[in-house]
Amino acid sequence: MKAIIDCNSFYCSCERLFRPELKDKPVVVLSNNDGCIISISDEAKKLGIKMASPYFLSKPVIEKHGIATFSSNYNLYGDLSRRVMEVLRTLLPVNSVEVYSVDEAFLNLGHIPPDQLVNEALRIRTTVEQCTGISVSVGVAPTKTLAKVANHIAKKNKVETQCVTVLDTDKKINNALQQTPLGDVWGVGRRSALKLENVGITDAWQLKQMPQNWARTHLGGVVGVRLIKELRGEEAIEMDEELTNKKMITTTRMFGQPVRQLCDVKEAIATYTSRAAEKLRRQRSSAKTIYVFVVPKVQRDNETFSHGPMVGHHISLPCATSVTSQLIKHALQLTERLFEPGKEYKKAGVILSGLEPDETIQGNLFGSHVKNSQRFLMDIVDNLNFSMRNDILKFASSGTEKNWKMRQELRSPRYTTRWKELREVK
DNA sequence: TCTGGGGTCCTAGGACCC
DNA sequence: TCTGGGGTCCTAGGACCC
């Protein structure tokens, strides 16, 4: 059996941890740039706040009810996420925990006798809560996809389920699938849901009855087949326990306000490139391809929002590197090619791909024989930035003014990762 | 005025190889 | 005049996830 463990309103729970007076009070957390609402406590949900909705649309409701509102504080959430995962690892055999996202992990419960699954799930839930202060929900079922369904049900009825749902018989599984709308199935997005509704399928149980060949032609090929198998209880998505390195690394942000000057865009790109290069070195890899993109401001009608057309260029480096200065040099050349005077830009970003582990970088016959020669220097920069504070050392091209920087007006202190911002107890 | 950021996997099609 | 068959690798774009 597999389990998925999912933190309840994770970002809101993190904020509440250091603001106990907000327990049982409505709380929301905003995306970068204070643009969207990306975490909602149950109390705020009851007041009608919708997930991923724009902040400015909900502002009247937020003010009316005095909903506590925070900008996102990723230093805090990242640290608490790490703690939750560590507790899980202590509770389970080696290699039974697959960290799936910042607030979710799949667990392999193959070692638990069937009649003890409920107790084990409850034990995991309470231990995580005791050790970290973060409340979680647990869904248990024969496959990952069914475990996700179970988790949904646990979350929907927190009181009756005690945040734990185990689907261990066909009857329970079918019952659960019948009350699961298509869009709530893991792997069914808006597009597929629409397609399915057009042929008269509206819930997960009906989807389970579809022939695999139909899924192969109409539901994304092998992806669709896997989905149907998983719903039928056949394991088609396996556990992936080992820590795998990323295959691409992206850093992108909306600007705090639209930007018109080439120099501002270049500063932003240099800053994002530095950040991406740090991530790259942290997993001890180098990148062969660098892609830079910008998003010009678009005229919008009030009905729908769509991300503007992004325009980008990429270059392939003769030899993979993780040295910030080299990556910045190429990124800035790309930026100059992309920038059009007179236009306003809302967003920009850098994508590093073609990643290779540092030990196995392919040399280049015509290039310098010293691979990644400045790596040593970069290690020193990383260490200083890590131990002192972010960006105590940085490249001049990243700028100092940063008038493109994102808004984060409501961020809480980084209680657990900055000495200066430690919680004080009087 | 104000709508996130960072990923993954898959497929089709082109270029190229023997 | 005739122009195969089987394969790999790469990339762009689509769909999806949290």
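Since we're looking at a predicted model, the values are computed, not measured. Every chain is numbered from 1 and lettered A, B, ... according to where its sequence line falls, protein lines coming before strand lines.
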Upstream residue (5' side of DNA chain B) when A/Phe56 and A/Thr252 are each assigned their closest nucleotide: A/Phe56

A/Lys247 or A/Thr251, whichever maps to the more 5' nucleotide of DNA chain B: A/Thr251

Return the value, rounded to whole Å, for the distance between atom [atom1] of [X] and atom [atom2] of [N].
X        : N      : atom1 : atom2 : result
A/Arg282 : B/dG6  : CZ    : P     : 12 Å
A/Tyr55  : B/dC2  : OH    : P     : 15 Å
A/Tyr272 : B/dG4  : OH    : P     : 13 Å
A/Glu356 : C/dC10 : CD    : P     : 10 Å
A/Asn245 : B/dT8  : CG    : C1'   : 15 Å
A/Met310 : B/dG5  : CE    : P     : 13 Å
A/Met51  : B/dT3  : CE    : P     : 18 Å
A/Lys279 : B/dG7  : NZ    : P     : 5 Å

Candidates B/dG5, B/dT3, B/dG4 - which lies nearest the side chain of A/Pro54: B/dT3

Can you give each donor-acceptor pair under 3.5 Å made by side-chain atoms of residues 310-319 of chain A, sequence neighbours left out, with the distance rounded to 0.1 Å?
none

Just checking [X]: does its [atom1] atom have more than 12 heavy atoms from other residues, nucleotides or ligands closer to it than 6.0 angstrom?
X        : atom1 : answer
A/Gln261 : CD    : no
A/Lys46  : NZ    : no
A/Glu344 : CD    : yes

Geometric class of the A/Tyr77/A/Tyr11 ring pair [parallel <30°, tilted 30-60°, perpendicular >60°]: parallel

Whether A/Tyr415 and A/Phe18 hold their rings parallel, tilted or perpendicular, with breakpoints at 30° and 60°: parallel

Residues A/Trp205, A/Leu207; criterion side-chain contact (heavy atoms from CB on, under 4.5 Å); working and verdict: CA-CA 5 Å; A/Trp205 185 81; A/Leu207 177 56; over 6 Å; no

Contacts of A/Arg125 that satisfy side-chain hydrogen bond (donor to acceptor under 3.5 Å, both in side chains) - sequence neighbours left out: A/Glu129

Under 3.5 Å donor-acceptor, A/Glu98 side chain and A/Asp240 backbone: yes

Touch class at under 4.0 angstrom, heavy-atom based, for A/Ile249 against every strand present: sugar-phosphate

A/Asn33 to A/Phe255 - nearest heavy-atom pair and separation: ND2-O, 3.2 Å

Closest non-hydrogen atom pair between A/Asp358 and A/Ser286, with its separation: OD1-OG, 2.7 Å

Close residues, residues 205-239 of chain A, relative to DNA chain C [heavy-atom separation under 4.0 Å]: none

Test salt bridge (Lys or Arg N to Asp or Glu O under 4.0 Å) applied to A/Glu340 - qualifying residues, sequence neighbours left out: A/Lys343

Separation of the C1' atoms in C/dC17 and B/dG4, to the nearest angstrom: 14 Å

Helical stems, DNA chain B - three or more consecutive Watson-Crick or G-U wobble pairs below 3.5 Å: B:5-18 with C:5-18

Contact under 4.0 Å: A/Thr250 side-chain N or O vs B/dG5 OP1/OP2: no

Presence of A/Lys346 side-chain N/O under 4.0 Å of B/dT3 phosphate oxygens OP1/OP2: yes

Nucleotide-resolved protein contact map, nucleotides 13-18 of chain C, B/S/- at heavy-atom distance under 4.0 Å: --SSSS

